[in-house]
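Worksheet: the structure to be examined is printed underneath.
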Amino acid sequence: MGSLHIPQSQNPRLYTTERSVLSQRCYGEDGVRIPRATLKEAQTALLEYLHSTRSIQFVDAENMSKNSPHFLRKLLKKVEIVKGVRRSMSRFLRYHPINEFEPFFESLGLKPCEYTPLLPRDLMFLSDDCLLLENYRVLCEFGVERNKIGQIYKKAVQVFRHDFGVLLLKLQAYQKLGLSQPFMAKIIVYSPHVLIGDIDIKFIKVLEILNGLGFDHAWIKEHLSEKEFYNWSMIFRVLKFFREMGCSSELGGLISQHPRLLFEGSGGRVLSLIAFLLKFGLPMDRISSMFLQFREIQVSHFVSNIFRCFLFFQEIEMEVDEIGKIVCSYPILLGSCTLKKTSSLLHDLNVGKKRLCKYIQENPQELSKWGMGTRVRPLPDSGEGVESQKLKTKFFLDLGYGENPNMLKKAFKVFRGRGGELQERFDTIVNAGLDQEDVSKMVRVSPQILNQSKAIIQSKIDILVNELGFPLSSLILFPSYLSYTTQRVRLRLAMYNWLKDQGQAEPDLALSTIISWSDKIFLSQCVNNHPSGPQVWEDLKAEFTRDK
């Protein structure tokens, strides 16, 4: 029979009867299952239709009817039950041809959500896809389980596009290389791409290497999983890498102890882990030793844990050299613990980033106590807070805050940072070339300028003097400059200079005025003085935003 186009719209009823409550009783929201007798009759009706009406081979038709419960459920909902399920379904199928690919794919082990995207657009009948049926039957006769063939179709549809006889020749080619039929029947399910193109040479080489290490085909088959997609080229690279790094003697024991290193993710995660450790200077013999100490944990989890620890070290601003020391010294520890989020640890430990870095460097084993699901207790008081308070008090007294107790109390609220850090930031401004007394006055006028790191203060002074061309003494008159973002300063001055070139701005406007004006005042007093001003302002904003 040829293809028959059936409109998707609802078909007219060809007979009348009372509507059965079967579908509601079997498929209501209460989730009641189909009665066994009903299911059996529906299966029989579908079998008769597929085999007798559609001329599908009996074995295939039987498999489709018995192993497509979702399709049967959907079909039963459409059927008007008259004098028994079997008779009613047979009559329905007589006038309503079905899309045969749906029960076919479901009988091959695919769920509706998996096979729906795979359904042919312009075909309804299996007989219209001769190559699909031909290659399906070759796989069945070769010993591949029918309910596994769907995974082959899903992973490598090209296998079912081989011309007549081609697939059988490919299977026979592997058998000639000494690979048994039961072994290849399993391999095809796990890795169907071996049937695409010529013989997969990397697959054969992997088998040779593993056989040489004492692993037979039964062991390999035992450690493969249907959930994985195997890239034999990647697995070969892993084996070759270990051998080139001088680990041949330990390789057999390593794979025997931890087969997941090779088969989980086709070894790709292992390669990324090795590259990561080599980057930090861990020698290959140490890496090999680490794998021998590997715990019973999935490789993907181990790699994820190490990267999670690395990101944690970055987020607490640990020096790269110190991160490298910990990674090289404690790779097993880092890979075995799933750390909490950085923000959670800082809160639970009641500690700052600097002290936490120091604590981890001195007590790396403590990381194992900070994993997900564990109760983390605050770190004991180190006494650093008392020392910092003393330094902070001395710094404020040197600035002249001691004359008024209320001013000293206020200073503690305004200034952020430890005593030593405040002094360091103060010295940074002095070392730029200003008098210490002038800097003291600047801080008293604008105390917030010391609430920035030493690096940011240096960067802003450099921009003011070397990029914008203002004298250093400008800071004495306008210390709050250090409180504004560099993006705001650059944007305002770029706009002011453009207006000045157009003759639309006062030539000697003070730096403090240009920067400290609110956006609303700056627009009205400067930008809007020129017809093109608003457009230039928007263009400059976009430019500086991109640069940022």
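Along the sequence shown, the residues carry numbers beginning at 1. For the numbers below, each heavy atom of this structure counts, side chains included, while hydrogens, waters and symmetry mates do not.
Not counting sequence neighbours, Ser304 has no partner by the side chain to side chain contact (heavy atoms under 4.5 Å, CB included) test. Applying the salt bridge (charged side-chain N to carboxylate O under 4.0 Å, His left out) rule to Asp200 yields no partners; only residues at least two apart in sequence or on another chain are considered. With sequence neighbours left out, Pro378 forms a side chain to side chain contact (heavy atoms under 4.5 Å, CB included) with Asn350. Under the rule for a side-chain hydrogen bond (donor to acceptor under 3.5 Å, both in side chains), His347 has no partner lying at least two apart in sequence or in another chain. For Trp232, the side-chain hydrogen bond (donor to acceptor under 3.5 Å, both in side chains) partners are Ser191, not counting sequence neighbours. By the side chain to side chain contact (heavy atoms under 4.5 Å, CB included) test, Ser266 is found to be paired with Tyr230, Asn231, Met234, Ile235, residues two or more places apart in sequence or in another chain being considered.
Around NZ of Lys205, the count of heavy atoms belonging to other residues, nucleotides or ligands within 6.0 Å does not exceed 12. The local environment of CD in Gln436 is sparse, with at most 12 non-hydrogen atoms from other residues, nucleotides or ligands closer than 6.0 Å. Under a cut-off of 6.0 angstrom, the local environment of CG in Asp198 is sparse, with at most 12 non-hydrogen atoms contributed by other residues, nucleotides or ligands.
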Take Ile255 and Leu239, measure what side-chain contact (heavy atoms from CB on, under 4.5 Å) needs, and give me the verdict at the end. CA-CA 10 Å; Ile255 294 174; Leu239 290 169; 3.6 Å; yes
Walk me through whether Glu114 and Lys111 qualify under salt bridge (Lys or Arg N to Asp or Glu O under 4.0 Å). CA-CA 5 Å; Glu114 292 177 305; Lys111 298 176 182 177; 5.9 Å; no
Quick one, Met290 with Leu277, criterion side-chain contact (heavy atoms from CB on, under 4.5 Å). Give me CA distance, side-chain angles, the key distance, then yes/no. CA-CA 11 Å; Met290 178 199 74; Leu277 296 173; 3.8 Å; yes
Under the side-chain contact (heavy atoms from CB on, under 4.5 Å) criterion, do Ile201 and Phe236 qualify, and how do the steps go? CA-CA 10 Å; Ile201 301 300; Phe236 176 71; over 6 Å; no
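Remark: side-chain polar atoms of Arg286 are paired, donor with acceptor, to backbone N or O of Cys328 under 3.5 angstrom. In this structure a side-chain-to-backbone donor-acceptor pair under 3.5 Å is present from Thr485 to Arg488. Between the Tyr153 side chain and the Gln158 main chain, no donor and acceptor come within less than 3.5 Å of each other. No donor-acceptor distance shorter than 3.5 angstrom exists from the side chain of Tyr115 to the backbone of Phe101, with no hydrogens or angles considered. Judged purely by atom type and a 3.5 angstrom limit, Tyr496 uses its side chain to pair as donor or acceptor with the backbone of Leu509. Remark: side-chain polar atoms of Arg269 are not paired, donor with acceptor, to backbone N or O of Val303 under 3.5 angstrom.
Listed by first then second residue, pairs satisfying ring-ring contact (aromatic ring centres under 6.0 Å, His included) with a partner in residues 425-465 read Phe395-Phe426, not counting sequence neighbours. Listed by first and then second residue, the salt bridge (Lys or Arg N to Asp or Glu O under 4.0 Å) pairs involving residues 323-343 are Glu322-Lys325, Lys340-Asp348 (not counting sequence neighbours). Evaluation of the salt bridge (Lys or Arg N to Asp or Glu O under 4.0 Å) test over residues 450-474, restricted to residues two or more places apart or in two chains, returns Glu467-Arg490.
Listed here is the closest heavy atom pair of Glu228 and Gly265: OE1-N, 3.2 Å. Shortest non-hydrogen contact noted between Arg425 and Asn451 is NH1-CA, 3.9 Å. Closest approach of Asn99 and Phe71 over heavy atoms only: O-CE1, 4.4 Å. Considering every non-hydrogen atom in both Ile449 and Pro479, the closest pair reads CG2-O, 3.3 Å.
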Pairs under 3.5 angstrom only: tabulate donor-acceptor contacts from the side chains of residues 367-375 to other protein residues two or more places apart or in another chain.
from, atom 1, to, atom 2, distance (Å)
Ser368, OG, Gln365, O, 2.8
Lys369, NZ, Glu366, OE2, 3.2
Thr374, OG1, Lys369, O, 3.3
Thr374, OG1, Gly371, N, 3.3
Thr374, OG1, Gly371, O, 2.5

Donor-acceptor pairs under 3.5 Å, side chain of residues 513-532 to any protein atom, not counting sequence neighbours: which ones?
from, atom 1, to, atom 2, distance (Å)
Ser516, OG, Ser512, O, 2.3
Ser518, OG, Ile521, N, 3.3
Asp519, OD1, Arg492, NH2, 2.7
Ser524, OG, Lys520, O, 3.3
Ser524, OG, Ile521, O, 3.0
Asn528, ND2, Leu523, O, 3.2
Asn529, ND2, Gln504, O, 3.4
Asn529, ND2, Gln525, O, 2.8
His530, ND1, Ser532, N, 3.0

Donor-acceptor contacts under 3.5 Å from residues 310-321 side chains, at least two apart:
from, atom 1, to, atom 2, distance (Å)
Glu315, OE1, Thr342, OG1, 2.3

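Inter-residue side-chain proximity for Leu195 and Ile152 is flagged as unmet; no heavy-atom pair is nearer than 4.5 Å. For the pair Asp129/Arg161, a side-chain contact is recorded, criterion being any heavy-atom separation below 4.5 Å from C-beta on.
With values rounded to the nearest 0.5 angstrom, Leu261 atom CG is found 9.5 Å from Phe302 atom CZ. Rounding to the nearest 0.5 Å gives a distance of 10.0 Å between CD of Gln452 and OG of Ser459. Note that CG of Leu434 is 7.0 Å distant from CD1 of Ile461, once rounded to the nearest 0.5 Å.
The aromatic rings of Phe276 and Phe280 lie perpendicular to each other, with more than 60° between the two planes, well past the 30° mark.
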